[in-house]
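Report on the structure given below.
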Number of protein chains: 2
Amino acid sequence: MKLNNTSQYAIRILAYIADHKEKSLLSAVELSTALVIPYKFLTKIMTELVKADFIESIRGREGGFKLQKKASEIKVDDILNIFNDSIKEEECILGIGFCNGMCKCALHDQWMEPKLLMQKMFRESSLEDIAGRGCKI
Amino acid sequence: MKLNNTSQYAIRILAYIADHKEKSLLSAVELSTALVIPYKFLTKIMTELVKADFIESIRGREGGFKLQKKASEIKVDDILNIFNDSIKEEECILGIGFCNGMCKCALHDQWMEPKLLMQKMFRESSLEDIAGRGCKI
DNA sequence: AATTAACTCTACCTTTAGGTAGTAATTTAA
DNA sequence: TTAAATTACTACCTAAAGGTAGAGTTAATT
């Protein structure tokens with residue numbers, strides 16, 4: 001029961017950028033070094049974040065990345081959705097395809113409360129809320 | 001953010017056995033058919049459940065599987081632990097190796113409450129609590 | 001004793017997640 | 001205008017999860 005690696009990296013990257021708004025641009029090398037994420041893998045993730053319109057990229061020398069939206073407008077859940085790692089409304093914790101009121105899995109009722117709390121947490125936490133907390137990594 | 005396939009199968013298998021205690025033994029074929037889990041994969045999981053002392057296997061013709069403990073004594077969390085899919089106390093949701101009071105990740109505080117609720121749910125739900133709920137699959 | 005229906009073990013195959021390599025394209029500065 | 005610093009793209013590699021195959025072992029039935 002955990003987030004996948006790519007989601008974890010993406011959240012850390014975006015939180016880091018949000019936490020460094022004094023710099024107008026951050027390069028892939030800087031991010032890779034600061035966050036200890038393999039450079040090539042980071043650039044791959046960056047490309048997806050750009051395509052998802054969360055960050056803007058400036059190409060060429062002196063280029064880099066910056067947020068394309070206000071930090072308060074990017075929720076953790078939006079990031080998870082890019083990598084298909086969010087908690088889907090109707091997805092069953094035991095993986096059965098038709099878990100609902102009519103026919104529910106053994107854990108359906110017990111799962112409801114933790115699920116709703118997690119969804120709420122992911123949906124309500126923005127980059128602004130989480131950036132700058134703790135060790136900035 | 002989901003349980004892995006093997007954990008899901010294992011929970012469904014054990015809940016199903018707990019829900020059919022009128023039968024003294026259930027065979028792998030029966031379980032595979034009833035739960036729609038690939039036979040060969042199911043037998044592999046059964047072997048792990050036997051080794052973990054959750055179920056007992058009777059070999060030979062007329063053999064099969066049954067619970068080795070009372071249903072009330074097997075918690076969902078115990079099952080997750082076999083497949084390394086439980087929520088570890090100190091594991092960081094963003095995957096950083098030293099996320100604690102001194103140096104915590106950006107999501108550390110927000111994650112605390114949902115994490116505790118999930119742990120509680122997994123730790124307190126026994127097979128007895130979940131068996132026979134819903135559609136028995 | 002042979003047959004049959006079961007579990008067990010070892011090895012392998014397939015798919016997906018995670019990660020790497022190399023090159024092309026873009027932009028700025030010297 | 002060239003070199004350097006940057007992102008973008010395509011293709012590939014590796015490890016882990018998920019799943020399959022087949023032969024071996026056990027024990028009840030006939």
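By convention in this document, chain letters (A, B, ...) are assigned in the order of the sequence lines, proteins followed by strands, and residues within each chain are numbered from 1. Atom set for the values below is all heavy atoms of this structure, side chains included, hydrogens, waters and symmetry mates excluded.
Protein atom NZ of B/Lys40 is 14 Å distant from nucleotide atom P of C/dA6, rounded to whole Å. Distance, B/Asp85 CG to D/dA17 C1': 11 Å, rounded to whole Å. Going from atom CG of A/Asn84 over to atom C1' of C/dG18 covers 16 Å, rounded to whole Å. In this entry the distance linking CG of B/Asn4 with P of D/dG19 reads 10 Å, nearest Å. Between A/Leu25 atom CG and D/dT7 atom P there is a gap of 9 Å when expressed in whole angstrom units. D/dA17 atom C1' lies 13 Å from atom NZ of A/Lys2, rounded to whole Å. The distance between atom CD of A/Glu48 and atom C1' of D/dT10, rounded to the nearest whole Å, is 14 Å. Following rounding to the nearest Å, B/Phe41 (CZ) and C/dC13 (C1') show an atom-to-atom distance of 14 Å.
Using a 4.0 Å cut-off between charged side-chain N and carboxylate O, B/Lys104 and B/Glu90 make no salt bridge.
The environment of A/Glu73 atom CD is dense: over 12 non-hydrogen atoms of other residues, nucleotides or ligands sit within 6.0 angstrom. Within a 6.0 Å sphere centred on CD of A/Glu48, other residues, nucleotides and ligands contribute more than 12 heavy atoms.
One N or O donor and one acceptor, one from the side chain of B/Arg59 and one from the base of D/dT25, sit under 3.5 Å apart. Checked by distance alone, A/Lys44 brings a side-chain donor or acceptor within 3.5 Å of a matching partner on the base of C/dG19.
Contact annotation for B/Phe83: no contact, since no heavy-atom pair falls under 4.0 Å across all strands. Counting non-hydrogen atoms under 4.0 angstrom, A/Thr43 reaches nothing in the nucleic acid.
In this structure, of D/dA11, D/dA8, C/dA29, it is C/dA29 that holds the atom nearest to the side chain of A/Arg61. With distances taken from any side-chain atom of A/Asn5 to the nucleotides C/dC7, C/dG19, D/dT7, the minimum falls on C/dG19.
Judged purely by atom type and a 3.5 angstrom limit, B/Ser86 has no side-chain atom pairing as donor or acceptor with the backbone of B/Lys88.
No cation-pi contact links A/Lys75 to A/Phe122, judged by a cut-off of 6.0 Å to the six-membered ring centre and 45° from its axis.
Each of A/Leu3 and A/Ile58 was matched to the nucleotide of DNA chain C holding its nearest heavy atom; the match closer to the 5' end belongs to A/Leu3. Residue whose closest nucleotide on DNA chain C sits further toward the 5' end, between A/Pro38 and B/Met46: B/Met46. Heavy-atom nearest nucleotides on DNA chain D were determined for A/Lys51 and for A/Glu62, and the one closer to the 5' end corresponds to A/Glu62.
Of the side-chain N and O atoms in B/Tyr39, none sit less than 4.0 angstrom from OP1 or OP2 of D/dA21. A close approach under 4.0 Å does occur between a side-chain nitrogen or oxygen of A/Ser57 and OP1 or OP2 of D/dA8.
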